[in-house]
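All remarks here apply to the structure that follows.
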Number of protein chains: 2
Amino acid sequence: MTGPVSDEPQPPATIYDVARLARVSPSTVSRALNKPGRISAQTERKIRAAAERLEFEINPMARALPTGRRMTLALMLADITNPVVFGLIRGAERGAAAAGYTLIIAESQESGEAELRMLRKIQASVDGIVLATARGPAEPIRQFARAKPIVLVNRVEPAVASIIPDVPGGVAPLLDHLRACGHANVAYLSGPAASWVNSERWAALVRLAPPLRMSVFEIPGRAPTMAGGAEALERVMLSPATAVIAFNDLMAIGLLRQARQEKIAVPGRLSIAGFDNIFGAELTTPALTTVAAPLEDAGARAVEALVALIEGSPARLPEMSPFELRLIVRDSTGPPAVG
Amino acid sequence: MTGPVSDEPQPPATIYDVARLARVSPSTVSRALNKPGRISAQTERKIRAAAERLEFEINPMARALPTGRRMTLALMLADITNPVVFGLIRGAERGAAAAGYTLIIAESQESGEAELRMLRKIQASVDGIVLATARGPAEPIRQFARAKPIVLVNRVEPAVASIIPDVPGGVAPLLDHLRACGHANVAYLSGPAASWVNSERWAALVRLAPPLRMSVFEIPGRAPTMAGGAEALERVMLSPATAVIAFNDLMAIGLLRQARQEKIAVPGRLSIAGFDNIFGAELTTPALTTVAAPLEDAGARAVEALVALIEGSPARLPEMSPFELRLIVRDSTGPPAVG
DNA sequence: GCTAGCTTGTCAACCGGTTGCCACCGGCCT
DNA sequence: AGGCCGGTGGCAACCGGTTGACAAGCTAGC
């Protein structure tokens, strides 16, 4: 019964310590803390007071063992380097925190094999996984999804929950805008062939351009990075395009900077638009026209859906509407200079 | 002895399954997998084969319980929103992966109290913590550091390991550069008062300016964000400054954009420089002069030090040299226009 | 041939919680 | 007053690993 409670680096208190202090059994402590109503109000108060006094924090590992509930989620990314994922990370982190979960971040380094290895390794540590890697074969993912809740971002697989953008809803206004500016030939600077979003965007272009009397064609991008964008300028300039829609802002920015460097007028000679509205898109000169995705929101919703999957009735995929895209017109698109 | 090993969503294999298949006891499996040499080579092979066949992955939670080794590290951030942390995250994630650790990310929302709560909550789940939050009172941190390995980033506390930049080494070239351009009055647009880096930068300016025959003065920034930077323009323009050194790139960019918007010539009327070299700093017009910090590297080194602390002899702080800063001269600084 | 000494594998306890089952308690009904 | 009942709390087993102590098996030495 000495004074100070904590002073030396004593090990964290366990429910046994709490039980001793409250003069009850450990199981009673466990129930008092987790099963509201199971224990008389008076005892519960006593126990909570003891827990408070000892600064008791439950040991998540010890709890996870018998229950299987780890209160931990994983966010699996292909490449932490890409600014696009920042919004996702933020949203997922906040969503997880709000639901009382801890988030772990894993990077698959763009390799399907590393991805599978990673998945297997963290499987035992998490209750569910948000997969934003978009690559890799479908079969293993489907199999994993049967064993453990998974939510896909920017990718669809049958029988697996996923949260995706309303691609045509974002592409249409962009095409309208370009048409209104007077562009008739539009190049699509494409991203990774295996990416769901990439094919969707291309598909939307193919479907939406003809009614507007616009021609579209694909210029394959080598990498979805600034370098990949810059590299593509040569082929763009050889083409009849007066406007380019890039797979993402990173490529768009790379292309734009390269164009500026080569004294090609943007938007006069070449209009450029991207996707995602990453940090930095509004900083370029000219500022980049882009189709903004509410990535932070998407991350949060993915986590919400995952939690629903984990805590809700099994085998029922949450119904999820695609998230809205929003065209942000800045200065990198405009009427082509005549001549 | 049927054919396929895995097909249905069977639960992950345990060492008991492996033991049964290899016809040894579970403890033998444990030793075969962790204690090289403790088990005969032949038995070990047999066990490894069985583990392979069952796709056995050790359950980190179950291991953590008796050993206390969780193989997990936490990276504690004040605000995931800030692009500066991205480098840190990347580096930490890669460092952790390289050392075989999993990384969890926690956000303290800039609040000292939330930070402490967070710390307490995750304490049981991790072997060590990289604290990059920089705020909050010192005493609780010191106390935590006694109980569990902690590495501070951009902050120093006695008896706690920390990894910090060589601030004067970064400020000196910047001042030299401004002096060479012809600036004599330099404003420091300051960051959070509680930030160690902030006071160090100011201190370095105070020490280094006089020998160069330059005057420096502080303009307090409201927030270390783009908005905070933009807001400060008014006070900057009221001051005699011809050059501004901002606490970070975010503020510098905010200031720069606001200046552009108000038709103030940069660098003609006002030279602007920042710190960190975040993604986007080279995208502005004019491109931002900044003092680059190898943040990714710093994150990796912080994790390395943490791992050393965890695995090495206790109570010996790893000797860590400050990381080098590098001046990147771009276009936002230059000679002041005469007149 | 017998024992000392080493190697190898097993037994059982433990980490810190959770939970099914049961015992005990007091109150209420008949 | 006795019996039943609902509410409360304790016992003990269990989750999946780890590890100290020990026994069995083997070799080697005398």
Side-chain angles (χ1 to χ4, degrees), chain A residues 10-48 50-51 54-72 100 102 120-127, chain B residues 10-48 50-51 54-72 100 102 120-127:
Chain A
Q10 57 187 349
T14 70
I15 54 166
Y16 296 90
D17 302 323
V18 176
R20 206 175 316 118
L21 184 58
R23 308 192 166 286
V24 294
S25 92
S27 47
T28 305
V29 174
S30 172
R31 281 199 264 263
L33 266 25
N34 307 315
K35 303 267 154 73
R38 177 66 174 75
I39 293 298
S40 76
Q42 187 186 346
T43 317
E44 185 173 333
R45 263 199 309 280
K46 199 169 58 179
I47 291 174
R48 288 201 183 278
L54 294 176
E55 299 193 348
F56 170 74
E57 288 287 335
I58 199 162
N59 182 328
M61 312 265 173
R63 160 181 280 175
L65 210 39
T67 61
R69 304 213 42 207
R70 303 157 202 75
M71 300 307 284
T72 300
T102 321
R120 271 182 42 191
K121 188 175 159 203
I122 59 177
Q123 199 184 2
S125 315
V126 301
D127 295 316
Chain B
Q10 57 185 347
T14 71
I15 55 166
Y16 295 90
D17 302 323
V18 177
R20 206 175 317 120
L21 184 59
R23 308 193 165 284
V24 295
S25 92
S27 45
T28 305
V29 175
S30 172
R31 281 200 257 266
L33 265 25
N34 307 315
K35 304 267 153 71
R38 176 67 173 76
I39 293 300
S40 75
Q42 187 184 347
T43 317
E44 184 173 333
R45 262 200 309 280
K46 199 169 55 179
I47 290 174
R48 287 200 183 279
L54 295 175
E55 299 192 347
F56 169 74
E57 287 287 335
I58 200 163
N59 182 329
M61 313 264 174
R63 161 181 278 174
L65 211 37
T67 60
R69 304 212 43 207
R70 302 157 203 76
M71 300 307 283
T72 301
T102 320
R120 270 181 44 190
K121 188 175 159 205
I122 59 177
Q123 199 184 3
S125 316
V126 302
D127 294 316

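These values consider heavy atoms only, across backbone and side chains, with no hydrogens, waters or symmetry-generated copies. By convention in this document, chain letters (A, B, ...) are assigned in the order of the sequence lines, proteins followed by strands, and residues within each chain are numbered from 1.
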Starting at atom CZ of B/Arg69, determine the distance to atom C1' of D/dT18, rounded to an integer number of angstrom. 13 Å
Taking protein heavy atoms under 4.0 Å as touching, what does nucleotides 7-13 of chain D look like 5' to 3' if B marks base contact, S marks sugar-phosphate-only contact and - marks none? -BBBBB-
Would you name the heavy atoms of [X] and [Y] that are closest together and state the gap between them?
X        : Y       : result
A/Ile47  : A/Ala32 : CD1-CB, 3.6 Å
A/Pro60  : A/Ile58 : CD-O, 3.2 Å
B/Ala13  : B/Phe56 : O-CD1, 3.3 Å
B/Asp127 : B/Met71 : OD2-N, 2.5 Å

Nucleotide range of DNA chain C lying under 4.0 Å from chain A heavy atoms: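 First and last nucleotides in contact are C/dG16 to C/dC21.
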Apply side-chain contact (heavy atoms from CB on, under 4.5 Å) to the pair A/Glu55 and B/Arg120, showing each step before the final yes or no. CA-CA 9 Å; A/Glu55 299 193 348; B/Arg120 270 181 44 190; 4.0 Å; yes
Nearest-nucleotide 5' precedence on DNA chain C, A/Thr67 against B/Thr67: B/Thr67
How far does CZ of A/Arg70 sit from OG of B/Ser125, to the nearest 0.5 angstrom?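 Output value for this atom pair is 13.5 Å.
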Contacts of A/Thr28 meeting side chain to side chain donor-acceptor pair (under 3.5 Å) (sequence neighbours excluded), chain-then-number -> A/Ser25
Regarding B/Ser30 and B/Ser27, do their side chains bring together a donor and an acceptor under 3.5 Å, going by distance alone?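 Note: B/Ser30 and B/Ser27 side chains miss the donor-acceptor criterion.
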